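Report on one structure; see the data block that follows.
Because the structure is predicted, anything quoted here is derived from the model rather than measured.
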Amino acid sequence: MTDVERLAEIFANDSYDVDSVYRLVIQPKSVLHEFRTAKYGFLFIIRGSVRIGVNGTNYELQPGYVFHAAPDMQMEAKVTSESELEYYSVFYRLDKGCAEDSNHECNSHFKLEPEAIPRVIELLTMLHLNIHTPGGIGKLRVKELFLSIMYQVLVGHKNRESSSSPNIEVIEEAIAYIKRNYMNPLTLEELAVSHAMNPKSFSYYFYKYTGFRPIDFVIHYRMERASELLKMGNFPISDIAVSVGYANPLYFSRAFKKKFGASPSAYADKVNHRNR
């Protein structure tokens with residue numbers, strides 16, 4: 001079983017360079033006859049399916065799956081889907097000391113099974129476009145994109161590996177994220193991506209564990225914070241609206257009234273009257 005935490009440590013701390021990125025589309029039923037690998041690399045399956053054999057082990061790869069191989073491995077592949085196989089290959093160079101360590105995690109072949117996350121495809125597209133950007137800033141951008149991809153893949157794999165459904169800790173992390181960022185624009189897609197899940201699955205499990213859809217919880221938490229501010233002092237409604245994430249005071253007032261049955265000003269008057 002792949003040690004996800006160890007892989008995370010390697011790509012966070014070890015010395016390596018992203019060498020090249022390719023996007024390939026292969027026709028159905030195509031066969032790639034046996035050859036020997038030359039580089040370290042990941043395959044990211046976008047659509048279609050493929051059976052890959054490497055050093056006598058077979059892997060069945062579906063959209064969203066990620067496959068890794070090291071140099072000097074015997075490899076062959078066959079497209080098993082009726083549709084075309086589309087994938088990205090990302091090759092990298094490992095530090096010489098790590099490359100010579102036979103026990104190093106990257107000197108092995110393995111597959112990772114995160115969900116098919118749209119954000120990963122977006123990042124791969126950007127990596128493909130930026131791989132030849134010159135200069136230090138260009139290299140930094142490439143590494144940033146690669147690390148973002150690996151974060152999504154490794155967290156997604158860990159979530160899926162931990163159980164048939166995401167651990168409650170993942171949803172608790174999402175709740176904590178909302179509580180830290182409620183004053184900023186938040187979308188279902190952003191929340192899902194931040195926790196390496198696709199939006200549909202994230203929404204399902206969030207509701208399963210909390211009884212709220214993610215954006216409904218964002219609104220609920222914003223309104224609770226707004227009510228606290230209204231109880232604390234005589235702040236302008238427009239200032240309270242902005243502080244809880246609403247640039248439009250009218251939209252905020254409607255959301256507040258829907259939650260508490262009174263407009264923010266009426267709610268404040270009622271609270272102040274009670275406290276006299």
May I ask you to say whether K158 pairs ionically with E5, meaning some side-chain N is under 4.0 Å from a carboxylate O?
yes
For residues 39-47, which side-chain donor-acceptor pairs fall under 3.5 Å, sequence neighbours excluded?
residue, atom, partner, partner atom, Å
K39, NZ, D19, OD2, 2.7
Y40, OH, N107, OD1, 2.5
R47, NE, E86, OE1, 2.7
R47, NH1, E84, OE1, 3.4
R47, NH2, E84, OE1, 3.1

In short, ring pair (Phe, Tyr, Trp, His ring centres under 6.0 Å) pairs touching residues 129-150 with sequence neighbours left out are F11-F146, Y16-F146
With sequence neighbours left out, the residues meeting side-chain hydrogen bond (donor to acceptor under 3.5 Å, both in side chains) with K143 are none
message: I'd like to know if the side chain of S30 reaches the main chain of I26, judged simply by a donor and an acceptor atom lying under 3.5 Å from each other, with no hydrogens or angles considered.
response: no
Salt bridge (charged side-chain N to carboxylate O under 4.0 Å, His left out) filter on K29, not counting sequence neighbours, yields E82
Sequence neighbours excluded, the answer for side-chain hydrogen bond (donor to acceptor under 3.5 Å, both in side chains) partners of D72 is R36
Q. Are the side chain of R93 and the backbone N or O of D17 linked by a donor-acceptor pair below 3.5 Å?
A. no
With sequence neighbours left out, the residues meeting salt bridge (charged side-chain N to carboxylate O under 4.0 Å, His left out) with R213 are none
Open item on the list: Is it true that, when you exclude F91 itself, more than 12 heavy atoms of the residues, nucleotides or ligands shown sit nearer than 6.0 Å to its CZ?
Closed with: yes
Side-chain donor or acceptor of T133 paired with backbone N/O of G138 under 3.5 Å: no
Q) Between the side chain of H157 and the main-chain N/O of E113, is any donor-acceptor distance below 3.5 Å? A) yes
Residues passing the side-chain hydrogen bond (donor to acceptor under 3.5 Å, both in side chains) test with D101, sequence neighbours excluded, are none
Residues pairing under salt bridge (charged side-chain N to carboxylate O under 4.0 Å, His left out) where one sits in residues 117-127, two or more places apart or in two chains, turn out to be R119-E122
N55 side chain to Q74 main-chain N or O, any donor-acceptor pair under 3.5 Å? yes
The complete set of salt bridge (charged side-chain N to carboxylate O under 4.0 Å, His left out) pairs with one or both residues in residues 244-260, sequence neighbours excluded, reads E224-K259
Applying side-chain hydrogen bond (donor to acceptor under 3.5 Å, both in side chains) to S263 and not counting sequence neighbours gives S265
CG (D95) and SG (C106) are apart, to the nearest 0.5 Å, by 11.5 Å
Would you please indicate if the ring centroids of F206 and F212 are separated by under 6.0 Å?
no
task: Measure the acute angle between the ring planes of H109 and Y59, then classify it against the limits of 30° and 60° as parallel, tilted or perpendicular.
output: perpendicular
For P249, is there any backbone N or O sitting under 3.5 Å from a side-chain donor or acceptor partner on S253? yes
d(I237 CD1, I240 CD1) to nearest 0.5 Å is 5.0 Å
Got a list of side-chain donor-acceptor pairs under 3.5 Å for residues 179-193, not counting sequence neighbours?
residue, atom, partner, partner atom, Å
N181, ND2, Y177, O, 2.8
T187, OG1, E190, N, 3.0
E190, OE2, Y177, OH, 2.9

So salt bridge (charged side-chain N to carboxylate O under 4.0 Å, His left out) across residues 6-16, not counting sequence neighbours, yields none
For the pair F217 and Y221, name the ring-plane relationship: parallel under 30°, tilted 30 to 60°, perpendicular over 60°. parallel
